[in-house]
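Notes to accompany the following structure.
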Amino acid sequence: MTMSKPVEGSAPGKAILVGEHAVVYGRPAIAVPVAEVRATVRVAPAAPGQGLTIAAPEIRRRFALAGAADNEPLAVAARLALHHAGAAEPDAVCTVRSGIPVASGMGSGAAVSAALIRALSAFLGQPLDNETLSGLVYEVERLYHGTPSGIDNTVVAYEQPIFFVRGQGAEPLIVGAPFTLLIADTGVRSATKTVVERVRRARERDAVRFDALFDQVSDIALQAREAIASGNIGALGPLLDENHDLLIEMGVSSPQLDDLVETARFAGALGAKLSGAGRGGCIIALVEDDLSAEVRDALREAGATRVIATTVA
Ligand code: PMV
């Protein structure tokens, strides 16, 4: 009989404030955790000889790790955790739950991997520091993104706002004054890998134009960092708007995303843009507290399937 106790691990969703896509090409980006939506994994001991079972009741899945395919994301995350711990497969059940919309640019995949690896490592008596966790989640992300910049795994592992440059890691973002974002989901699912690949092909056809777009995004990210550090939230709104225009030029927006962005601005948001890979998923809108309810209602009326409010502090 095992003596292990049940262990829980969790990780937040995330939103990219500025810099998606350009970040894949070495330009800086800013991402924030969205603690209001989380992935949680509970690991509980099972009867001897049972091996490791992974259950995701919300999507009605339950399978044994031993029989899982090589490209099953939850199995990849679990195997990485076991390998890192140098541990044999324990007799246990990992139950995965997530309130993060999937394939919506909110980092659902990275958060689920982080929660699973965190919980399983702790269950094995080897809790991970954030840096190690981030590195292991990156390995899982690589399977699905192809060429992930590393921003998703970093922000969900550290759970704090970051200024991120690929290959240089992250620095914590200084937030001079807290601000509120509304995150509105178009309800259109979009695979990051597909959109990243589209941008790669478009850039291959016209590197000069794309690199110029990425450079403009880079300026925006630097200005946004400055505005946030000095608490000048009024200056941040137009930067989000400019970033959205550049994302349109990269070909990653969509009529639904543009519609929600317009709706948010018209209802009084200080600025708005798509967030994440695009072609679907979510927009973010920067709102002052007194107009937050109005913008949220307008987004719902315009067809947002979900609106999440988060405070960046
Ligand atoms: O996972 P998403 O949809 O938030 O996209 C991540 C951001 C990209 O810049 C599009 C890709 C990357 O690896 O940084």
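Since we're looking at a predicted model, the values are computed, not measured. Atoms within each ligand, like the ligands themselves, are counted from 1 in listed order. Values below: every heavy atom of this structure, side chains too, minus hydrogens, waters and symmetry copies.
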Asp129 and Thr132 side chains, donor-acceptor separation under 3.5 Å | yes
No-hydrogen, no-angle side-chain donor-acceptor test under 3.5 Å, Ser10 and Arg38 = yes
State whether the number of non-hydrogen atoms from other residues, nucleotides or ligands found under 6.0 Å of Glu171 atom CD is greater than 12.
-> yes
For Asp70, look at atom CG and say whether over 12 heavy atoms of other residues, nucleotides or ligands are found less than 6.0 Å away.
-> no
Atom 1 (O) of ligand 1: which protein heavy atom is closest, and how many Å away?
-> Asp152 OD2, 3.0 Å
Answer yes or no: is there an ion pair linking Glu249 with Arg209, defined by an N-O contact shorter than 4.0 Å?
-> yes
Charged N to carboxylate O under 4.0 angstrom, Glu20 versus Lys273?
-> yes
Min heavy-atom dist Glu141 to ligand 1 below 4.0 Å | no
Kindly confirm or rule out an N or O of His21 lying under 3.5 angstrom from an N or O of ligand 1.
-> yes
Report the member of Ile16, Leu247, Val24 with the shortest heavy-atom distance to atom 11 (C) of ligand 1.
-> Val24
Note: heavy atom closest to atom 13 (O) of ligand 1, options Ser149, Ala277, Ala29, belongs to Ser149
Establish, yes or no, whether the cationic atom of Arg27 lies under 6.0 Å from the six-membered ring centre of Phe214 and within 45° of the ring axis.
-> no
Short version for Met106: what comes under 4.0 Å of ligand 1, heavy atoms counted, is neither
At under 4.0 Å between heavy atoms, what of Val195 touches ligand 1? The answer is neither
Can you name the atoms of ligand 1, numbered from 1 with element, that are less than 4.0 Å from a heavy atom of [X]?
X      : answer
Val23  : 9 (O), 14 (O)
Glu20  : 9 (O)
Lys14  : 1 (O), 2 (P), 4 (O)
Pro148 : 13 (O)
Ile151 : 14 (O)

State which residues pass side-chain hydrogen bond (donor to acceptor under 3.5 Å, both in side chains) with Arg203; sequence neighbours excluded, sorted by chain then number.
-> Asp211
